[in-house]
Amino acid sequence: MTVDSYNLIRPLLFGLDAERAHNLAFWAGGWAQRFPQPEVKLDQTLAREALGLRFPSPLGLAAGLDKGARLLPLWKSLGFGHVEIGTVTPRPQAGNPRPRLFRLPSEGLILNRMGFNSEGADVVAARLKLRPSGLIVGGNLGKNKETPEEKALDDYVAAFRHIAPQVDYVALNVSSPNTPGLRNLQAPEALKPLLAGMLAVRKEMGLEAQPLLLKLAPDLAFEDLDAIVEVAVASGISGLIATNTTLDRGIVSDANRPKVEAWGAGGLSGKGLAPKARAVRLRILERLQGRLPLVACGGLGSAPDVAQALEDGAVLAQIYSALIFEGPGLVKKILCGLAQKSG
Ligand SMILES: Cc1cc2nc3c(=O)[nH]c(=O)nc-3n(C[C@H](O)[C@H](O)[C@H](O)COP(=O)(O)O)c2cc1C
């Protein structure tokens, strides 16, 4: 999907059911990327070292939009410095029944309960073999729904074995609200063996140098967050991503809350998530004191938002919901804003 063609079909997309719109945009994007795309020229001053990698820009696409690594050339041409593909589960699964994706354009909010619809790790890994150069790709991993919590490590390991050799970093998703019990893996007593197990398989595969990150929810009590930060630092993983979507319906305006509540279960993302996600990041940064890098995500939608997240101390920033509402031109807009600030 090019910038111009998105603007052209935007009214059509917003007239459709959200998941149909997503599928149509992906189909169009798949067509568009078969032809050479004009690439956004990245200002040299935007490049940065983080996680031991060189990122062409600090702005990345958050996990969940390109779960199957289908549109990597397109994301690159838009100017993203990195793309987090996934969440990928070890075995294919359909996710939750539809409808499972809803938009509230007046508030820039999305509600989703996709539930890790995934083609499975081997299919996605095969596609990643054809990934374009010059784009950092992260692999976001999860567990299959039917896998019991106590067997979760087996699933993350199985997905890791397929995906890790094809990506630049791996993110463990223990923070989606749409897989029953998944967020319990954030509890220190569950997290410790999970991280130890993942670091062991990383070593066994000779991938010690590959960054391993943990993606956290915005709904944790600060005391729990503090404990998680200590477990993460002690474990030897490479960094944190904050945040995933929220279960908190309080971020919706009073006028729209009944409508959103009628949509049912799921995680909220977009503009209204920004203050909550930032508060969580500030707490994490305060506790980290530079011991691990943090990737900012959640409610970011403009150059000032991203600049603030970086000034707060995050090493990189990721967007998702704002891209849906503003279209692919948003990437260039944010990057130009950042370049002006730094230049
Ligand atoms: C439709 C949808 C699907 C998502 N799927 C995933 C996912 O599979 N894995 C994940 O880690 N995060 C997923 N997310 C969360 C985003 O990566 C991001 O953490 C969250 O949306 C907050 O950022 P935003 O406010 O910029 O959208 C999803 C978000 C949306 C809107």
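Heavy atoms only: backbone and side chains are in, while hydrogens, waters and symmetry mates are out. Heads up: numbering here begins at 1 and tracks the sequence. In each ligand, atom 1 is the first atom listed, and ligand 1 is the first ligand listed.
- Comparing heavy-atom distances from atom 16 (C) of ligand 1 across Ala317, Ala322, Ala63 singles out Ala63 as nearest.
- Atoms of ligand 1 lying under 4.0 Å from at least one heavy atom of Asn140, given by number and element, are 10 (C), 11 (O).
- Annotation: Arg20, atom CZ; neighbour count of heavy atoms from other residues, nucleotides and ligands within 6.0 Å does not exceed 12.
- Here Arg98 does not pair with Asp17 in a salt bridge; the nearest charged N to carboxylate O distance is not below 4.0 Å.
- Considering every non-hydrogen atom in both Lys67 and Thr87, the closest pair reads CG-N, 4.1 Å.
- For atom 1 (C) of ligand 1, the closest non-hydrogen atom of the protein is Tyr320 OH, 3.2 Å.
- Residue contacts with ligand 1, taken as heavy atom pairs separated by less than 4.0 Å, involve Ile110 solely via side-chain atoms from C-beta onward.
- Only the side chain of Asn112 comes within contact range of ligand 1, with a heavy atom under 4.0 Å; no backbone atom does.
- For Met114, no nitrogen or oxygen atom sits less than 3.5 Å from a nitrogen or oxygen atom of ligand 1, counting backbone and side chain alike.
- One finds no salt bridge joining Glu146 and Lys151 here, because no Lys/Arg side-chain nitrogen approaches an Asp/Glu carboxylate oxygen to under 4.0 Å.
- Atom numbering of ligand 1 starts at 1 in the shown order; those under 4.0 Å from a heavy atom of Thr87 are 7 (C), 8 (O), 9 (N), 10 (C), 11 (O).
- Atom 21 (O) of ligand 1 has Ser269 CB, 3.2 Å as its closest protein atom, hydrogens excluded (heavy atom only).
- Between atom CG of residue Asp312 and atom CZ of residue Arg278 there is a gap of 4.0 Å, rounded to the nearest 0.5 Å.
- For Asp155, the salt bridge (Lys or Arg N to Asp or Glu O under 4.0 Å) criterion is met by Arg91, not counting sequence neighbours.
- Listed by number with element, the atoms of ligand 1 under 4.0 angstrom from any heavy atom of Ser321 are 24 (P), 25 (O), 26 (O), 27 (O).
- Looking at Lys215 against ligand 1, only its side chain comes within 4.0 Å, counting heavy atoms.
- Using a 4.0 Å cut-off between charged nitrogen and carboxylate oxygen, Arg70 and Glu119 count as a salt-bridge pair.
- Not a single heavy atom of Ser176 sits under 4.0 Å from any atom of ligand 1.
- Listed here is the closest heavy atom pair of Gln186 and Leu191: O-CD2, 3.8 Å.
- Gln37 places a side-chain N or O within 3.5 Å of a backbone atom of Ala32 that can act as its donor or acceptor partner.
- Considering backbone and side-chain N/O of Gly299, one or more are found under 3.5 Å from N/O of ligand 1.
- Here the protein heavy atom with the shortest distance to atom 18 (C) of ligand 1 is Cys297 SG, 3.6 Å.
- Close approach of ligand 1 to Leu101 is summarised as follows: ligand atoms under 4.0 Å from at least one heavy atom of the residue are 1 (C).
- The Lys67 neighbourhood of ligand 1 comprises atoms 5 (N), 7 (C), 8 (O), with distances under 4.0 Å to a heavy atom of that residue.
- The pair Arg127-Asp66 fails the salt-bridge criterion, with no side-chain N (NZ, NE, NH1 or NH2) lying under 4.0 Å from an Asp/Glu carboxylate O.
- Contact atoms of ligand 1 toward Thr243: 19 (O), 22 (C) (distance under 4.0 Å to a heavy atom of the residue).
- Nearest to atom 15 (C) of ligand 1 among the protein's heavy atoms is Asn244 OD1, 3.4 Å.
- Here Leu65 has no heavy atoms under 4.0 Å from ligand 1, in either its backbone or its side chain.
- Taking a cut-off of under 4.0 Å to the non-hydrogen atoms of Gly298, the atoms of ligand 1 that pass are 22 (C), 23 (O), 25 (O).
- In the hydrophobic cluster analysis, where Ile, Leu, Val, Met, Phe, Trp and Tyr join through side-chain heavy atoms closer than 4.5 angstrom, Ile251 is grouped apart from Phe325.
- In terms of protein heavy-atom proximity, atom 5 (N) of ligand 1 is closest to Gly64 CA, 3.2 Å.
- The distance criterion of under 3.5 Å between nitrogen or oxygen atoms is not met by Gln318 with respect to ligand 1.
- Residue contacts with ligand 1: Glu84 is placed with no nitrogen or oxygen under 3.5 Å of a nitrogen or oxygen of the ligand (distance criterion only).
- In summary, Glu19 and Arg100 engage in a salt bridge, as defined by a charged side-chain N under 4.0 Å from a carboxylate O.
- Under a 4.0 Å heavy-atom criterion, Leu323 is not in contact with ligand 1.
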Derivation of the side chain to side chain contact (heavy atoms under 4.5 Å, CB included) call for Leu268 and Arg249: CA-CA 8 Å; Leu268 289 168; Arg249 287 344 185 215; 3.7 Å; yes
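- Between Arg161 and Glu204 a salt bridge is recorded (basic side-chain N to carboxylate O distance below 4.0 Å).
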